[in-house]
Amino acid sequence: MTVDTRVALRAPSRPLRERRALLTACQLGVLVVLLLAWQLASASPGWKTAVSSPSDVASVLREWLVGGRSKWSDILSTLEGAVFGSAVGVAAAAVFSLLFLLVPVLARLLMPYVAAFNAVPKVVMAPLFVLWLGFGLQSKVVFVASVVFIIVFFNLVTGLRDVDAIFIEHVRVLGAHNLWVLRSVYLPALVGWIFASLRVSVGFALLLVVVAEFISTNQGVGALIQHGQLTMSSAEVIAGIFIVGAMAVVLDLLLRIVERRLLKWRPE
Amino acid sequence: MSAPTLDRPVASDRPSAVRQRRPRRSRLWSRTGWAAAQLALLVALIWLWQKATERGSLNPFFIGQPSLVWDYLKQWYEDGTLWHNSWATLSIALLGWVIGTLAGTVLGVALGVLPTARAVLDPYLALLNGMPRIVFYPLFAVALGYSATSRVLLVVFVIIVLVTLNVIAGMRSVSPDLLNHVRIVGGRTPVLVRQVYLPSLSLWILGSSRLTLGLALQAAIVAEFVGPTSGLGYLAVLGQARFDINLTLASVTVMVVVGLVLDSVLQGVERWTSRWKG
């Protein structure tokens, strides 16, 4: 009896969302319930074709990752397409946004096109690039790079335009010439905007690669998913989607770590 | 030199990185001039492309030819392919968008008034938000076939996460003073939702509709890439499979135009509804 009161005293009733351990337990509980429901649903043959089952998906993943049918070359091909494509796209966007800043005529002339491209549904370009550049890594990298370029470039140009004029006036007062303004005002602003747009565009880059692989069905995780779909093997489709999801999570995590390192100087 | 007056910038005689706008004699004229230059650039590029492929300095089989693309567009316009396929894509995107927005709003409001449920589901929402959800289409296709249902479901799935997160963020941004005022006069949660949350949310939902409708269109197009159906995405992949670059270019052109029209309509709606902000 006394134990009960003591427990009640030591744990004043706080809402669940503030109790870390219990909250994590609840979150894990949701996961367990979902997995159980999935396993139970797969007991009926009608559902089995649609959603497979957790154990089947796990065995497909095991075969792909460590077993006999290794798919690491596909996984790496997708990852390379997304990472190289983003890197090339961002680098080009940084260079061209500074060019726009230095040559205002260019900005005035081309900005409507940039804005229009930014508003276009970008996946529509996938068949075009596959047709132009074939099914290899090169085609994926160029496709991803051009789309990432458009997104990031638009963000950078509008971002650089919004740089607070006060900062520029301040360094001017200190006697800065153009190059100095570029180095001490625009470049730090650029890094911030690059990361802001990079975290959006890396997930998008992954999507673009996978969509291009849906179409070319030659190599990559997208091709694995498409193969699973054509052979009506939902386990393979789900395993492929899991791999894409894991890639997205890992890439986002890495970017967040790098971002925190590089933008340490920022307040907040 | 006269003393600088306060209503003018003091340091205006030295070069500044902030370009000061000189008063223009006719702003309208300069604007039409720029628009003409922009249009001329586009026309010149297309003309060069046409001439280069005609003379053979660029391989038309590889990069296509504007006149052949135009032929496709004209033919599609005449035999109705254009409307049929554009509507096939648009109807899926719009239907999925409407369902996804409504369902996302309900879900977001529910999670907004139930902070505990939100705290539990938070990591899952973040995970789904970070995932490229459009790649789920093959799964829907295996489960439901290449039907309109599976395509609408993909659009709903892509949209609903974004709308939910937006609605939750919008509910958090409602002024706590306003909430307390309503509570003091006896308003309970249903009243709060109806009288305070939904009116302020309508702006958030509208504000994100440009983003979500664009995504809905992309989801509908990818669904057509994957399954042999109809629609603009299907035509583009058909051209790719037949190595007919002009067919792909024509359908990409239509998709681009559809996307741009949709976006500018939404931009207009956004401007019209937020005109009271001044």
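Side chains included, hydrogens not; waters and symmetry mates left out as well; all remaining heavy atoms used. Lettering follows sequence order; numbering is per chain, from 1.
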>> For the CH2 atom on A:Trp38, are there more than 12 heavy atoms of other groups (residues, nucleotides or ligands in this structure) within a distance under 6.0 Å?
In response: yes
> Can you say whether A:Val211 sits under 4.5 Å from chain B via the side chain, the backbone, both, or neither, judging by heavy atoms?
Replying inline: side chain
> If you take all heavy atoms of B:Val142 and A:Met232, which pair is closest and at what distance?
Replying inline: O-CE, 3.8 Å
>> Taking every non-hydrogen pair under 4.5 Å, which of B:Ile63, B:Val258, B:Leu42 racks up the most with chain A?
In response: B:Leu42
> Quick one: CD on B:Gln38 to CZ on A:Arg108, what's the gap to the nearest 0.5 Å?
Replying inline: 7.0 Å
> For A:Pro127 and B:Gln240, which heavy atoms make the closest approach, and how far apart are they?
Replying inline: O-CG, 3.8 Å
>> Only pairs of heavy atoms separated by less than 4.5 Å count here; which of A:Val244, A:Leu128, A:Ile241, A:Val237 has the most with chain B?
In response: A:Ile241
>> On a heavy-atom basis, which atom in A:Ala116 and which in B:Leu260 lie closest, and how many Å separate them?
In response: O-CD2, 3.5 Å
> What distance do A:Asn118 atom CG and B:Asp263 atom CG have between them, rounded to the nearest 0.5 Å?
Replying inline: 8.5 Å
> Is it true that the side chains of A:Gln229 and B:Tyr146 contain a donor and an acceptor less than 3.5 Å apart?
Replying inline: yes
> If you draw a 6.0 Å radius around CZ in A:Phe167, do more than 12 non-hydrogen atoms from other residues or ligands fall strictly inside?
Replying inline: no
>> Measuring from atom CG of A:Asp252 to atom CG of B:Leu127, what distance do you get when rounded to the nearest 0.5 angstrom?
In response: 10.5 Å
> Where on A:Val209 is there a heavy atom nearer than 4.5 Å to chain B: the side chain, the backbone, both, or neither?
Replying inline: neither
>> Let me confirm one number: the CG-NZ distance from B:Leu217 to A:Lys122, rounded to the nearest 0.5 Å.
In response: 11.0 Å
>> I'd like to know if the side chain of B:Tyr124 reaches the main chain of A:Val30, judged simply by a donor and an acceptor atom lying under 3.5 Å from each other, with no hydrogens or angles considered.
In response: no
> What part of B:Leu211 lies closer than 4.5 angstrom to a heavy atom of chain A: side chain, backbone, both or neither?
Replying inline: neither
> For B:Phe225 and A:Val123, which heavy atoms make the closest approach, and how far apart are they?
Replying inline: CE1-O, 3.5 Å
> Quick check: are there more than 12 heavy atoms from other residues, nucleotides or ligands sitting under 6.0 Å from CD1 of A:Ile257?
Replying inline: yes
>> Between A:Leu230 and chain B, with a heavy-atom cut-off of 4.5 Å, which part of the residue counts as in contact: side chain, backbone, both or neither?
In response: side chain
> Which answer fits B:Ala141, side chain, backbone, both or neither, if we ask what part of it has an atom under 4.5 Å from a heavy atom of chain A?
Replying inline: side chain
>> With chain A as the partner, which of B:Ile245, B:Val252, B:Leu144, B:Val257 has the greatest number of non-hydrogen pairs under 4.5 Å?
In response: B:Ile245
> At a heavy-atom separation under 4.5 Å, does A:Val210 approach chain B through its side chain, its backbone, both, or neither?
Replying inline: side chain
> Under a 4.5 Å heavy-atom cutoff, which of B:Val135, B:Ile221, B:Val256 has the most pairs with chain A?
Replying inline: B:Val135
> What distance separates A:Ile225 CD1 from B:Tyr137 OH, expressed to the nearest 0.5 Å?
Replying inline: 14.0 Å
> By a 4.5 Å heavy-atom criterion (distance strictly below it), what part of A:Gln27 contacts chain B: side chain, backbone, both, or neither?
Replying inline: both
>> Looking at chain B, which one of A:Phe204, A:Tyr113, A:Trp47 has the largest number of heavy-atom pairs inside 4.5 Å, strictly under?
In response: A:Tyr113
>> Side chains of A:Phe214 and B:Val237, heavy atoms from C-beta outward: is any pair under 4.5 Å?
In response: no
>> Taking every non-hydrogen pair under 4.5 Å, which of A:Val202, A:Thr49, A:Val120, A:Val185 racks up the most with chain B?
In response: A:Val120
> Quick check: are there more than 12 heavy atoms from other residues, nucleotides or ligands sitting under 6.0 Å from CZ of B:Phe157?
Replying inline: yes
> So what's closer than 4.5 Å to chain A heavy atoms on B:Asn129: side chain, backbone, both or neither?
Replying inline: neither
>> Heavy-atom cut-off 4.5 Å, strictly under: side chain, backbone, both or neither for A:Ala126 against chain B?
In response: side chain
> Distance from B:Leu41 atom CG to A:Leu109 atom CG, nearest 0.5 Å?
Replying inline: 5.5 Å
